[in-house]
Enquirer: 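Just dropping this structure here.
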Amino acid sequence: MTASASEPDDPAGPDRPTGAYDLVVVGAGPAGLAGAVAATERGLSVALLDSSPRPGGQFYRHPAPALGARRPEALHHDWAAFADLRRRLDASSADHLTGHHVWSVVKEADGTWTTNALAGADGSADAPVRIRARALLLATGAYERQLPFPGWTLPGVVGAGGAQAMLKSGLVLPGRSVVVAGSGPLLLAVASSLAAAGARVPAVVEAAGYLRYGRSPRALVTNPRKAVEALVHTAALVRHRVPVRLRSAVTEVHGTDRVEAVTVSRLDRAWRPVRGTGRRIACDALAVGHGLVPQIELAVAVGCTTRALPDGTLALALDDLQESSVPGLWAAGETGGVGGAELARTEGEVAGRAIAARLLGRPARAGATAGLRRRRDRMRAFADVMAAAHAPGPGWTGWLTDDTDVCRCEEVPAGRVREAVAEYGARDARTVKLLTRAGMGWCQGRMCGTAVACLAAAGGTPEPPAERRPFAVPVPLSTLAALDGPPSDPTPASEVATDPAAS
């Protein structure tokens with residue numbers, strides 16, 4: 001059952017009886033859908049919360065019915081798997097609550113969970129939403145990692161995933177001539193989709209190479225579907241005559257009012273631009289991204305243990321059944337490490353089955369999920385190889401000029417960050433934040449966190465980006481005031497008010 005936040009009889013309103021659900025699932029992407037369906041089909045009452053009006057998450061974005069798309073599946077691979085999950089969700093008793101923006105989760109003294117959310121398409125509904133459940137499954141996905149460069153704030157520069165989202169959900173292109181750049185296998189999918197939709201793609205610019213995949217032949221052999229996906233995208237690029245430039249990066253964007261061209265430079269093994277190799281390519285848009293960062297703020301706020309991934313990002317540390325270090329909180333999909341939709345679906349099903357077994361008091365049978373767990377482990381091994389192959393090298397900061405904005409929200413240029421390190425002794429992103437305000441803006445460091453950490457490391461190993469945020473999304477003071485009892489955020493109100501790092 002799908003319920004919009006704007007419906008007057010919304011079953012998840014503020015007066016929802018305490019403990020009304022067995023399970024709350026946050027995120028309706030591949031992992032969340034699989035987890036919710038698996039748990040519901042085994043007898044649990046489930047609330048599936050998502051900010052989007054339609055299920056599918058970032059991967060299975062699709063246009064609104066009003067746009068009249070006849071074949072939305074044409075822009076996806078493995079659409080049949082999503083269609084099956086959506087059919088099972090529609091046939092289940094799960095409450096699919098759209099337009100719900102979760103800003104915190106709290107474990108209560110009795111072991112149940114309270115989920116706090118903002119309602120409405122943009123989170124502006126008057127009444128806050130509080131939902132109680134016996135267990136919690138986080139399937140919050142990931143967001144794009146961006147490495148800044150001169151000109152990256154010009155209109156026409158979009159995230160690689162953002163360009164794909166524009167095409168999948170809005171049926172629009174970011175430009176007529178779009179260079180696709182950054183690092184990671186997403187670039188191939190984005191470029192082939194744009195080309196198939198009619199855009200001219202002058203080049204795909206990949207900062208890493210693909211030779212590192214060859215160092216892990218077992219992961220390649222046991223994941224043949226990944227090789228097939230790569231071949232399909234490569235064939236599409238060949239068909240549309242799109243050149244792929246490896247060990248290269250966009251080191252500058254040119255234009256006055258919007259993108260007019262980009263400079264592509266060769267990189268050495270440390271990702272330092274090789275002098276004299278810059279080549280200008282005309283275009284009117286740039287789709288750029290350097291991989292994905294697991295979105296784990298909700299879990300970190302309640303004390304879940306994390307693990308470092310080979311690309312320097314943090315993911316949740318999970319056991320064999322997808323449970324976190326905090327009992328009663330499970331996670332699936334990109335929260336445990338970026339690995340794609342098939343891995344997310346598999347982890348969601350493992351988690352949903354495990355949660356049902358726990359709450360129904362039925363001992364988990366080892367054979368029931370053995371095949372799923374073996375498949376998950378194979379795909380997770382490939383995900384680690386992928387993360388290592390496309391991890392940014394330390395030399396990428398060499399393409400930053402001192403006047404390049406690093407923090408877009410607070411307009412903090414690289415020169416000010418370097419000054420904080422060289423002149424004032426900053427050695428980590430938090431200290432840079434206190435000295436420069438980098439990371440204090442609307443995105444709370446999601447866009448600039450990696451860049452600030454790399455600059456603060458001054459050529460050394462950067463610390464993983466901080467994921468401890470009091471609120472996972474911006475929350476109006478009126479929402480906090482409308483809650484019964486004290487605010488749900490575990491951070492004391494006095495600390496939020498007085499600590500500049502919490503701004």
Enquirer: Can a salt bridge be assigned to the pair Asp311 and Arg145 using a cut-off of 4.0 Å between side-chain N and carboxylate O?
Expert: yes
Enquirer: Between Ser183 and His290, is any side-chain donor less than 3.5 angstrom from a side-chain acceptor?
Expert: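 Checked: Ser183/His290 side chains show no N/O donor-acceptor pair below 3.5 Å.
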Enquirer: Out of curiosity, Leu118 CG to Phe471 CZ, how far, rounded to the nearest 0.5 Å?
Expert: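 Atom-to-atom, Leu118:CG and Phe471:CZ are 10.0 Å apart.
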Enquirer: Please tell me whether Gln322 and Arg376 have a donor and an acceptor in their side chains that are separated by less than 3.5 angstrom.
Expert: yes
Enquirer: May I ask you to decide whether Asp90 forms a salt bridge with Arg87, counting only side-chain N to carboxylate O separations under 4.0 Å?
Expert: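 A salt bridge is absent here (no side-chain N lies under 4.0 Å from a carboxylate O).
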Enquirer: Roughly how far apart are Met447 CE and Cys407 SG, rounded to 0.5 Å?
Expert: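 Going from the CE atom of Met447 to the SG atom of Cys407 covers 9.5 Å.
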Enquirer: Are more than 12 heavy atoms, taken from residues, nucleotides or ligands other than Arg218, located less than 6.0 Å from that residue's CZ atom?
Expert: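 For Arg218, atom CZ is not crowded (no more than 12 foreign heavy atoms under 6.0 Å).
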Enquirer: For residues Arg345 and Ala34, report the shortest heavy-atom separation together with the two atoms involved.
Expert: O-CB, 3.3 Å
Enquirer: Quick one: does any side-chain atom of Lys107 pair with a main-chain N or O of Pro327 as donor and acceptor, under 3.5 Å?
Expert: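 It does hold such a pair.
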Enquirer: Does any non-hydrogen side-chain atom of Asn223 lie less than 4.5 Å from one of Met379?
Expert: yes
Enquirer: Looking at CD1 of Ile355 and CZ of Arg42, how far apart are the two atoms once the value is rounded to the nearest 0.5 Å?
Expert: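 Answer for the CD1-CZ pair, Ile355 versus Arg42, is 11.5 Å.
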Enquirer: Check whether Arg134 reaches the backbone of Leu359 with its side chain - one donor and one acceptor, N or O, closer than 3.5 Å.
Expert: yes
Enquirer: Go through the steps for Val106 and Val302 under the test side-chain contact (heavy atoms from CB on, under 4.5 Å), then give the verdict.
Expert: CA-CA 7 Å; Val106 178; Val302 294; 5.9 Å; no
Enquirer: For Glu323 and Arg358, what are the C-alpha separation, side-chain angles and deciding distance, and is it a salt bridge (Lys or Arg N to Asp or Glu O under 4.0 Å)?
Expert: CA-CA 11 Å; Glu323 190 170 12; Arg358 174 80 60 82; 2.7 Å; yes
Enquirer: Any heavy-atom pair between the side chains of Ile296 and Thr306 that's under 4.5 Å?
Expert: yes
Enquirer: With a cut-off of under 6.0 Å to the ring centre and 45° to the axis, is Arg408 in cation-pi contact with Trp152?
Expert: yes
Enquirer: Testing the basics here: between Leu173 and Gly198, what is the closest heavy-atom pair and its distance to 0.1 Å?
Expert: CD1-C, 4.3 Å
Enquirer: Between the side chains of Asn116 and Arg130, is a donor N or O closer than 3.5 angstrom to an acceptor N or O?
Expert: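 Yes - a donor-acceptor pair under 3.5 Å links their side chains.
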Enquirer: Evaluate the ring planes of Phe82 and Tyr60, with Trp represented by its six-membered ring, and classify them as parallel (under 30°), tilted (30 to 60°) or perpendicular (over 60°).
Expert: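 Geometry flag for Tyr60 against Phe82: parallel rings.
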Enquirer: Please assess Ser45 against Asp22 for the test side chain to side chain donor-acceptor pair (under 3.5 Å), listing each intermediate value before the final yes or no.
Expert: CA-CA 5 Å; Ser45 59; Asp22 292 317; 3.2 Å; yes
Enquirer: Under the side-chain contact (heavy atoms from CB on, under 4.5 Å) criterion, do Arg132 and Glu108 qualify, and how do the steps go?
Expert: CA-CA 9 Å; Arg132 294 287 289 272; Glu108 307 292 352; 3.6 Å; yes
Enquirer: What's the spacing between Arg362 CZ and Arg353 CZ if we round to 0.5 Å?
Expert: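 So the gap between those two atoms works out to 13.0 Å.
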Enquirer: Strictly distance-based, threshold 3.5 Å: is any side-chain N or O of Arg446 a donor or acceptor partner for the main-chain N or O of Cys443?
Expert: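 Here the side-chain-to-backbone pair exists.
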Enquirer: Quick one: does Glu144's side chain have a donor or acceptor within less than 3.5 Å of a partner on Ala160's backbone?
Expert: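 Side chain of Glu144 to backbone of Ala160: a pair is present.
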Enquirer: Kindly indicate, with the supporting measurements, whether the criterion side-chain contact (heavy atoms from CB on, under 4.5 Å) is fulfilled by Thr305 and Leu316.
Expert: CA-CA 6 Å; Thr305 301; Leu316 296 182; over 6 Å; no
Enquirer: Can you tell me if Ser324 uses its side chain to pair, donor with acceptor, with the backbone of Leu329 under 3.5 Å?
Expert: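 Side chain of Ser324 to backbone of Leu329, a donor-acceptor pair under 3.5 Å: yes, one is there.
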Enquirer: Rounded to the nearest 0.5 Å, how far does CD of Glu206 lie from CG of Leu187?
Expert: 5.5 Å
Enquirer: Whether the Thr335 and Gln295 side chains hold a donor-acceptor pair (N or O, under 3.5 Å, no angle test) is what I'd like checked.
Expert: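 No, no side-chain donor-acceptor pair sits under 3.5 Å.
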Enquirer: Here's one to test your reading of the geometry: is the NZ or CZ of Lys168 within 45 degrees of the ring axis of Phe59 and under 6.0 Å from its centre?
Expert: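 Yes, Lys168 sits over the ring of Phe59.
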Enquirer: Mind checking the CD-CG spacing from Glu349 to Leu372? Nearest 0.5 Å is all I need.
Expert: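 Spacing of CD (Glu349) from CG (Leu372) equals 4.5 Å.
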Enquirer: Tell me, with the steps shown, if Val385 and Tyr213 meet side-chain contact (heavy atoms from CB on, under 4.5 Å).
Expert: CA-CA 7 Å; Val385 171; Tyr213 285 91; 4.0 Å; yes
Enquirer: Look at Glu347 together with Arg375 and state whether they make a salt bridge at an N to O cut-off of under 4.0 Å.
Expert: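 Looking at Glu347 and Arg375, the cut-off is not met.
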Enquirer: Does the pair Arg88/Asp84 count as a salt bridge with the N-to-O cut at 4.0 Å?
Expert: yes
